[in-house]
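Reviewing the structure listed below.
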2 protein chains.
Amino acid sequence: MQIGVIEVPTLKELFVRRMEEQILSGKLKVGDSLPSERQLQEETKISKTVIHAGLAELEQKGFLEITPRRGAVVANYEETGTMETLNALIRHNGGNMTKKQTHSFMEARIAIEGSALRRLAEKHTDEDIAYLEGLLARADELLAGGEKDDAALAELLFRYHRGICVRSRNEFFPLLLNEFRPIIMEFWLRSIALFGAEANVHLAKRYLELIRAGDAEGAFRRLQRSVSEYLNCLDEQDR
Amino acid sequence: MQIGVIEVPTLKELFVRRMEEQILSGKLKVGDSLPSERQLQEETKISKTVIHAGLAELEQKGFLEITPRRGAVVANYEETGTMETLNALIRHNGGNMTKKQTHSFMEARIAIEGSALRRLAEKHTDEDIAYLEGLLARADELLAGGEKDDAALAELLFRYHRGICVRSRNEFFPLLLNEFRPIIMEFWLRSIALFGAEANVHLAKRYLELIRAGDAEGAFRRLQRSVSEYLNCLDEQDR
DNA sequence: TGTTTGTGCTGGTCGGCCCAGATTTCCGCG
DNA sequence: CGCGGAAATCTGGGCCGACCAGCACAAACA
């Protein structure tokens, strides 16, 4: 058995988490105004600097709206939140997405990566192919290495699919994938656990074949199919 | 003539902006390492607390990679950046996107909003329709009011299209739209300038009709068409 | 009653302290 | 002279309590 490193949380992290809980659990409702930094300082026995930094982080995450000299109110994070808010929300839920979130995520994946796949299949250079092949070669090495390093493979799969988006010549798609990064990594780890490392690498190779063949619709359908297989498999597991 | 409110920037904001300029203008190149926090503190006459918070924000935006006790280097923000990075990049460019960025943006819009439109057309409740109608009614009021308030109309159009994403029951699409917010607002302002306020509201109504009729493909094609009209119109203008 | 002044609140900023790891310097030994 | 290791120095990270300036509201004044 392995005991991982024990990370010591900082005061700021503890404070931010505490506040997130208060908000996500509904004890602090949207529109409620927070106690002043000084009041929080007294309650928590933490210095004002840390309180201030923590509140700034919460604002940046979309949970608060801070106005200088006026105070902080809980923001309508469901309406104005960004991906970062969602990441915090999922972490709050123990790292697990709800079923609906999973389905939403896969739908978004089809929308974005599907477009990229189509574009790349229709129009690509030899260098694009070579780049993706390079990543696949590294994945093969990893498989041949014998040691099971799922995290490294997941990272490689992430880079591969981001590579598809980068090479599709759309400047926004890679950024969106980066935004999704924590969620996507979680997805790949799960996919490796479900279908095995080889199957995932094999599927990645299949995409490359379809791209090279210029089969845009085929690549798109392949993506759709693998997504629904994944979702079905998850549903089976639940039973 | 109107003079808007004057927002007082905080020192941290000023510092972050300055650093962003240095990076985006190329004075600091990817891979360059930054002076130490204490050196920056001396140069800028700003306290260590603020410097530290500013650098942390820049890291979070994807501009820096900070390693504890080793320093900060300029990150390859084109590869690892997020939407926030892009927003900073566009702001640095005076709010103007390059032609390629515009095309990328519209393609992303078709991918995301197109999916939402399809879903909503296939499956919607009366309440969904009523919600969107409410927003359209407010747009009509704005048009009838006579005063030209393009910003308010753009805001309304943003909310309307975000509404389509919210009501599509996909939890990720609205978040993505929020992420794109500054870019989308810029887009609507431009669209209003090009085609007029009435035409934009009319188009919004057309989407609602198609959704109500359950015509998923029609709605999707309508979106594709209006996107290509917009792009053509921009191209014409360039000449 | 209308205006001014004061006071206390707010978030924002400051610089100093300590910590632990990384890096460099330098001294003594072989 | 060369090399290894101890020690000094530098890095970012974290925390603290004091201070600053702007704003709101109430008390004091005309």
Side-chain angles (χ1 to χ4, degrees), chain A residues 4-20 22-23 28 30-77 80 88, chain B residues 3-20 22-23 28 30-77 80:
Chain A
V5 281
I6 297 181
E7 304 258 357
V8 181
T10 66
L11 270 180
K12 185 181 132 191
E13 280 170 354
L14 291 171
F15 171 68
V16 167
R17 257 183 253 167
R18 178 77 59 93
M19 295 305 293
E20 276 178 7
Q22 299 284 315
I23 294 173
L28 277 170
V30 172
D32 285 0
S33 55
L34 260 59
S36 77
E37 295 187 356
R38 260 160 262 268
Q39 253 171 290
L40 286 170
Q41 172 186 7
E42 262 190 61
E43 275 183 48
T44 58
K45 307 291 179 198
I46 295 177
S47 82
K48 198 168 109 43
T49 308
V50 174
I51 299 285
H52 182 72
L55 292 180
E57 186 176 323
L58 285 164
E59 175 182 41
Q60 202 269 345
K61 280 190 183 175
F63 287 114
L64 295 181
E65 258 179 67
I66 300 175
T67 321
R69 289 173 292 278
R70 297 194 145 238
V73 298
V74 178
N76 184 355
Y77 54 93
T80 61
Chain B
I3 302 178
V5 281
I6 296 179
E7 306 258 354
V8 182
T10 65
L11 266 182
K12 184 180 139 193
E13 281 170 353
L14 291 172
F15 172 67
V16 167
R17 253 182 259 166
R18 176 77 59 93
M19 295 305 293
E20 276 178 7
Q22 298 285 316
I23 294 173
L28 277 170
V30 172
D32 284 1
S33 56
L34 261 60
S36 77
E37 293 188 358
R38 284 163 174 88
Q39 245 170 297
L40 285 170
Q41 172 186 5
E42 260 190 63
E43 275 182 47
T44 59
K45 307 291 177 198
I46 295 177
S47 79
K48 188 166 105 56
T49 311
V50 174
I51 298 283
H52 184 70
L55 292 181
E57 187 176 323
L58 285 164
E59 176 182 40
Q60 201 274 338
K61 280 191 181 175
F63 285 114
L64 295 181
E65 257 180 69
I66 300 176
T67 319
R69 287 172 288 278
R70 304 207 58 185
V73 299
V74 178
N76 183 357
Y77 53 92
T80 61

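So that the names make sense, note that chain A is the first sequence line, chain B the second, and so on, each numbered from 1.
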Over all strands shown, is [X] touching base, sugar-phosphate only, or nothing at heavy-atom distances under 4.0 angstrom?
| X | result |
| --- | --- |
| Leu55(B) | nothing |
| Lys48(A) | base |
| Ile66(B) | sugar-phosphate |

task: Identify, between Gly71(B) and Thr49(A), the residue whose nearest nucleotide on DNA chain D lies closer to the 5' end.
output: Gly71(B)
- prompt: If you pin Gln41(A) and Thr10(A) to their nearest nucleotides in DNA chain D, which one's is more 5'?
  reply: Thr10(A)
Taking atom [atom2] of [N] as reference, at what distance in whole Å does atom [atom1] of [X] sit?
| X | N | atom1 | atom2 | answer |
| --- | --- | --- | --- | --- |
| Gln39(B) | dT9(D) | CD | C1' | 14 Å |
| Glu57(A) | dG13(D) | CD | C1' | 14 Å |
| Arg38(A) | dC20(D) | CZ | C1' | 10 Å |
| Glu42(A) | dG17(D) | CD | C1' | 13 Å |
| Lys12(B) | dC20(D) | NZ | P | 23 Å |
| Ile51(B) | dT11(D) | CD1 | P | 14 Å |
| Phe15(A) | dG14(D) | CZ | C1' | 16 Å |
| Lys45(A) | dG17(D) | NZ | C1' | 14 Å |

- request: Apply side chain to side chain contact (heavy atoms under 4.5 Å, CB included) to Gln22(B) and Val74(B), showing your working.
  value: CA-CA 10 Å; Gln22(B) 298 285 316; Val74(B) 178; over 6 Å; no
Would you say [N] has OP1 or OP2 under 4.0 Å from some side-chain N or O of [X]?
| X | N | result |
| --- | --- | --- |
| Ser36(B) | dG12(D) | yes |
| Arg70(B) | dT23(C) | yes |
| Ser47(B) | dC14(C) | yes |
| His52(A) | dG11(C) | no |

- prompt: With respect to the side chain of Val50(A), which nucleotide from dG13(D), dC15(D), dC19(D) is positioned closest?
  reply: dC15(D)
message: Using the side-chain heavy atoms of Glu37(B), tell me which of these nucleotides is nearest: dG13(D), dG11(C), dC16(D).
response: dG13(D)
query: Any side-chain heavy atom of Glu65(B) within less than 4.5 Å of one from Thr80(B)?
result: no
query: Can you check side chain to side chain contact (heavy atoms under 4.5 Å, CB included) on Gln60(A) and Gln60(B), steps first, answer last?
result: CA-CA 10 Å; Gln60(A) 202 269 345; Gln60(B) 201 274 338; 2.6 Å; yes
message: As an exercise, state the distance from CG of Leu34(A) to CE of Met19(A), rounded to the nearest 0.5 Å.
response: 4.0 Å
- prompt: Does the pair Glu42(A)/Arg38(A) count as a salt bridge with the N-to-O cut at 4.0 Å?
  reply: no
